[in-house]
Amino acid sequence: MSDEKSLNFLEEIIEEDLKAGKYTQIITRFPPEPNGYLHIGHAKSICLNFGLTKKYGGYTNLRFDDTNPSTEETEYVESIKEDVEWLGFDWKNELYASDYFDTLYEFAVKLIKKGLAYVDDMNSEQIAELKGTPTEPGKESPFRNRTVEENLDLFRRMKEGEFEDGSRTLRAKIDMASPNMHMRDPIIYRIKRTHHHRTGDDWAIYPMYDFAHGQSDSIENITHSICTLEFVPHRPLYDWLIENLEIYPSKQYEFARLNLNYTVLSKRKLIQLVNEKHVTGWDDPRMPTISGFRRRGYTPESIRNFCDRIGVAKRENIIDIGLLEFFIREHLNKIALRRMVVFDPVKVSVTNYPAGQSEIIKGEENPEDPNAGTRDIEFSGELYIEREDFMENPPKKYFRLSPGQMVRLKSAYIIRCDDVVKDNKGEVTEIKCTYLPESKSGADTSGINVRGTLHWVSVPHAVNVELRLYDRLFKVEDPSNEDGDFKDYLNPHSLDVVNAYAEPGLLDASAEERYQFLRKGYFYLDKDSTKEKLVFNRTATLRDDWAKKGK
RNA sequence: UGCCCGAUAGUAUAAUGGUAGUACGACAGAUUUUGGUUCUGUUUGUCUUGGUUCGAAUCCAGGUCGGGCAACCA
């Protein structure tokens, strides 16, 4: 086997097309509807569309599929642009289906003139009634055989706004008996006298998806129009319209959309979570949106690597969210600055350390990066360590602190536990230790090797920080497939807010950096942070083999 | 009971008629001043029944299972 990565089915098609001389360059498009924020499923499509033209030469357009003014807003346009850019992709042209409304109208007129479209006076119930079902053919509309002149006149008057919303439609005249429901005289224009985010009140009619998408592809000379599997049955209509309009033959190809367990990836559901305040917004770090991942501390690289690894195929798939976590850990491990933060403190008194004194200790910025250098950390005789890092009666193989045992304080000294102070409820309030002055990190002459290393902060120097610890948004793998409403399966513990003690160096934290809180996880400064109160989002935990053993 | 799409380890994804491989996970071990990282090893798979062929995950036929399609949404 060569070390070259094997091709996915779209790459194969493109390589064949290129070899056959069918195209000199590849043109794709990413076509979001601006009616919501982009999520990780869109990231797959973005990486695919932009990745293909980057690999084979050509370009990708960003085209907003804005043909339904009742759901679309400029806020969404802005967020989509920001997200695509953040992911690291540049579009050639920023385009809108609404840019083509005049052309699309002419296309419809052409179809009418060819006797391939007609104005139908039936309302939506009547149309549905005659549509048939997947197993029975439909029946023709009584308005199907109007003259070209009559159709032209009626369609013009639809455009002029003469008729009520929903009172008439323009339909392609294809085949009411087709086994493919989409070919049973699909509606291509509807009356909708609604304000459009770009064209304002210019139009009383708007094209349907099927009459806008493929035509926009064609106008832009898109060579490979890549969409998800649910559009497979639309493909005959896509081709029929292009053929009968006699326009540039873009080709549609379909791949399986991304599904992730323990979350939902449907705009309809995500918008509910936002509107019903189950989350704080589209960019809530628990959301599977690109903006949510960004705020949580994910990097564009990690998301791109993820999309690369999950591949592109036509079979339905549900990816384990753990794979995404793997890629963010992999990246953050390389770049995150190491800091020490104690989440749930218990006090350690170093009885042989000079009272009231402190010293500066050097800690690695990042052991994975030899050029990262060191940071200064205050050490004193009064410390906090993690409550879970001490046990009075430890099980076997516990190599944290316990009476009589020694541990290394990361980047500092080895200490031994001499005594434990408890309150009247039996809760440990203080651990008395002695330190080995000759065991200082980097200058250790003690000759003692200890198994455990703990993170710590100096009590008089510690700064208070707020930590937002996130867990999966849903407590079941596939909330959409459970009985009842998907929101019944929200994880009540998806957010846990903790006030913690951090080394003072963290006061300089910035959103330009990623942090690893030693032995705790990866953290990212949140936009809610103020000078008085630093707020960090937990991007991901560290792997924890000890916890996994169930001890 | 119409049409369309699909089926390879737990999850994804390769092998394009010629040794079923890779990643994640799981398990075991080594290293480690993060029970992190890194390294090594182990484990588990071609939906089914026929056919074609010297040879089938791959080609053909039947079946089974899963998904999609009956919005004036995209």
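Proteins get letters first, then strands, A, B, ... in listed order; numbering begins at 1 in each.
In this structure, the CD atom of Gln252(A) is 13 Å from the C1' atom of C4(B), given to the nearest Å. One atom, CZ of Arg184(A), and another, P of G2(B), lie 14 Å apart when rounded to the nearest Å. Atom CG of Leu258(A) and atom P of U13(B) are 10 Å apart (whole Å). What separates CD1 of Ile319(A) from C1' of G10(B) is a distance of 13 Å, to the nearest Å. Following rounding to the nearest Å, Leu7(A) (CG) and U13(B) (C1') show an atom-to-atom distance of 13 Å. Between the CD1 atom of Ile328(A) and the P atom of C24(B) there is a distance of 16 Å, given to the nearest Å. Atom OH of Tyr253(A) is separated from atom P of C5(B) by 15 Å (rounded to the nearest Å). With rounding to whole Å, Phe326(A) atom CZ is found 13 Å from A12(B) atom C1'.
Nearer to the 5' terminus of RNA chain B, by closest-nucleotide assignment, is the contact made by Lys314(A) (compared with the other of Lys314(A) and Gly322(A)).
A donor-acceptor contact closer than 3.5 angstrom links the side chains of His213(A) and Arg29(A). A donor and an acceptor atom, one from each side chain of Lys192(A) and Ser70(A), are located under 3.5 Å apart. In this structure, a donor-acceptor pair under 3.5 Å is present between the side chains of Asp217(A) and Tyr238(A). Checking Asp120(A) against Thr169(A) by side-chain atom types alone, no donor-acceptor pair falls below 3.5 Å.
Look at the P atom in both U53(B) and U48(B): the space between them is 23 Å, to the nearest Å.
With respect to Lys334(A) and Glu301(A), no salt bridge is recorded, no charged nitrogen being found less than 4.0 Å from a carboxylate O.
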**Request:** Scan nucleotides 67-74 of chain B nucleotide by nucleotide, 5' to 3', and note B when protein non-hydrogen atoms come under 4.0 Å of the base, S if they reach only the sugar-phosphate, - if neither.
**Result:** S-SB-BSB
**Request:** Do nucleotides 33-45 of chain B as a string where each nucleotide becomes B, S or -: B if the base has a protein heavy atom under 4.0 Å, S if just the sugar-phosphate does, - if no protein is that close.
**Result:** BBBBS--------
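Taking the ring centroids of Tyr189(A) and Phe211(A), they lie under the 6.0 Å cut-off. Note: Tyr209(A) and Phe231(A) meet the aromatic proximity criterion, with ring centroids under 6.0 Å apart. A ring-centre distance under 6.0 Å is found for Tyr105(A) and Phe155(A).
Of the residues listed (Lys139(A), Lys173(A), Lys131(A), Arg144(A)), the one engaging Asp185(A) in a salt bridge (Lys or Arg N to Asp or Glu O under 4.0 Å) is Arg144(A), and it is the only one.
In the set C5(B), C24(B), U13(B), the nucleotide with an atom closest to the side chain of Asn317(A) is U13(B).
When heavy atoms are screened at a 4.0 angstrom cut-off, Ile414(A) is found touching no nucleic acid atom at all.
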